[in-house]
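Chain naming here is simple, since letters A, B, ... match the order of the sequence lines and numbering starts at 1 in each. Computed over heavy atoms, backbone and side chain alike; hydrogens, waters and symmetry mates excluded.
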Number of protein chains: 2
Amino acid sequence: MNPLQLADARLDHVGIVVHNIDAALATYCGLLGFRLLERTDVPDHGVEIAFLDAGRATIELLSPTDEESGTARFLARRGEGPHHVCFVVDDLDKTLAELRARGLRLIDEKPRPGIHGLVAFLHPQAAHGMMIELLQKTETL
Amino acid sequence: MNPLQLADARLDHVGIVVHNIDAALATYCGLLGFRLLERTDVPDHGVEIAFLDAGRATIELLSPTDEESGTARFLARRGEGPHHVCFVVDDLDKTLAELRARGLRLIDEKPRPGIHGLVAFLHPQAAHGMMIELLQKTETL
């Protein structure tokens with residue numbers, strides 16, 4: 001079996017789901033001192049998000065804006081806290097094909113547009129309860 | 001209020017708690033392709049851990065070896081999955097004093113020895129359900 005691309009993957013960000021972005025920013029930026037890089041609404045995913053500088057990676061705070069979204073269901077079930085970890089890969093199609101061939105359970109069978117490129121999520125069951133996001137950064141974003 | 005050190009903190013690793021390190025390594029290294037950097041037993045903390053290369057940061061898999069440890073209680077309550085996120089700071093004593101002055105709830109009131117330096121954990125309630133570890137790397141480790 002060939003080595004998988006994740007051997008060269010770089011951690012991009014850690015996603016933390018919260019009830020309210022303003023309240024979370026008051027803690028993370030106001031109290032903890034992280035610097036806000038970007039804040040945006042992502043209606044397609046039913047979430048509002050904020051990226052914070054963490055040196056070699058970022059922290060993503062995300063809060064559902066659509067009660068039917070997967071993020072809203074996650075928050076209702078688990079409460080606030082860690083949600084996913086994101087790795088950058090060079091060729092997402094190829095990585096997904098390799099993961100599928102290894103029998104790993106995917107949430108997204110093919111890449112879909114994210115705010116920083118093409119993204120796909122693995123099911124938490126694929127990685128011992130850790131939801132992994134894969135990101136192929138696009139030059140135009 | 002002075003800017004907190006976390007404004008310059010670098011993400012060091014994401015900790016994922018699992019039932020069994022061997023089973024998790026079979027997935028993370030065998031199937032997902034991450035490279036194992038280090039594996040060790042930490043009897044003082046009642047855990048067995050493994051660090052995996054993630055480019056600019058690392059993934060820490062941890063599995064309790066002591067049923068009375070905090071990690072064992074976490075695993076029993078939440079199941080496998082994300083456990084904590086670790087940031088490197090330059091002066092842990094100073095950072096903890098600043099956090100305490102801001103009324104943030106700490107698990108460790110003072111730095112204690114970790115395997116890569118001095119560490120202290122914030123209570124998950126301090127950061128919207130995300131357990132934050134702070135690490136002051138020591139040259140001798």
Side-chain angles (χ1 to χ4, degrees), chain A residues 1-20 23-35 52-59 61 63 75 78-85 87-88 95 98-99 102-104 122 124-132, chain B residues 1-20 23-35 52-59 61 63 75 78-85 87-88 95 98-99 102-104 122 124-132:
Chain A
M1 199 176 281
N2 292 329
L4 189 63
Q5 278 198 335
L6 287 186
D8 297 316
R10 287 91 65 203
L11 181 69
D12 186 78
H13 65 262
V14 176
I16 300 169
V17 64
V18 300
H19 284 294
N20 180 285
L25 286 175
T27 301
Y28 276 82
C29 297
L31 287 175
L32 291 172
F34 285 104
R35 190 166 58 87
L52 315 181
D53 186 16
R56 297 173 294 195
T58 56
I59 296 295
L61 300 173
S63 177
L75 184 58
R78 302 272 300 188
E80 291 191 315
H83 179 262
H84 70 274
V85 58
F87 300 97
V88 174
T95 301
E98 289 170 343
L99 293 172
R102 292 169 189 218
L104 288 163
L122 278 65
Q125 288 183 2
H128 293 264
M130 180 79 244
M131 185 148 66
I132 291 177
Chain B
M1 200 177 278
N2 293 327
L4 189 64
Q5 279 200 335
L6 286 186
D8 298 316
R10 289 91 65 203
L11 180 71
D12 186 77
H13 66 262
V14 177
I16 301 169
V17 64
V18 299
H19 284 295
N20 181 285
L25 286 175
T27 301
Y28 276 83
C29 297
L31 287 174
L32 291 171
F34 285 103
R35 192 165 57 88
L52 315 181
D53 186 16
R56 295 174 296 194
T58 55
I59 297 294
L61 300 173
S63 178
L75 184 58
R78 304 272 301 187
E80 289 191 315
H83 178 262
H84 69 274
V85 58
F87 300 97
V88 174
T95 301
E98 289 170 344
L99 294 171
R102 292 169 189 218
L104 288 163
L122 279 66
Q125 287 181 3
H128 293 261
M130 180 81 244
M131 185 149 65
I132 290 177

S.K.: Against chain B, work out which of A/A57, A/G81, A/P82 has the most heavy-atom pairs shorter than 4.5 Å and name it.
M.R.: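 Ranked by contacts with chain B, first place is A/P82.
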S.K.: Report which part of A/A23 has an atom under 4.5 Å of a heavy atom belonging to chain B: side chain, backbone, both, or neither.
M.R.: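 Contact with chain B involves both backbone and side-chain atoms of A/A23.
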S.K.: For A/I16, is it the side chain, the backbone, both or neither that has a heavy atom under 4.5 Å from a heavy atom of chain B?
M.R.: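 For A/I16, the side chain is the part near chain B, not the backbone.
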S.K.: So for A/I59, is it side chain, backbone, both, or neither that comes closer than 4.5 Å to the heavy atoms of chain B?
M.R.: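 Looking at A/I59, just its side chain touches chain B.
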S.K.: Counting distance only, does the side-chain N/O of A/R78 pair as donor-acceptor with the main-chain N or O of B/R78 below 3.5 Å?
M.R.: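 Looks like yes, one N/O pair under 3.5 Å.
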S.K.: If you take all heavy atoms of A/F87 and B/A54, which pair is closest and at what distance?
M.R.: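 Nearest pair, atom of A/F87 first, then B/A54: CE2-CB, 3.8 Å.
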S.K.: Tell me, out of B/M130, B/E80, B/H128, who's got the most heavy-atom pairs with chain A below 4.5 Å.
M.R.: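 Among B/M130, B/E80, B/H128, the one with the most close pairs to chain A is B/H128.
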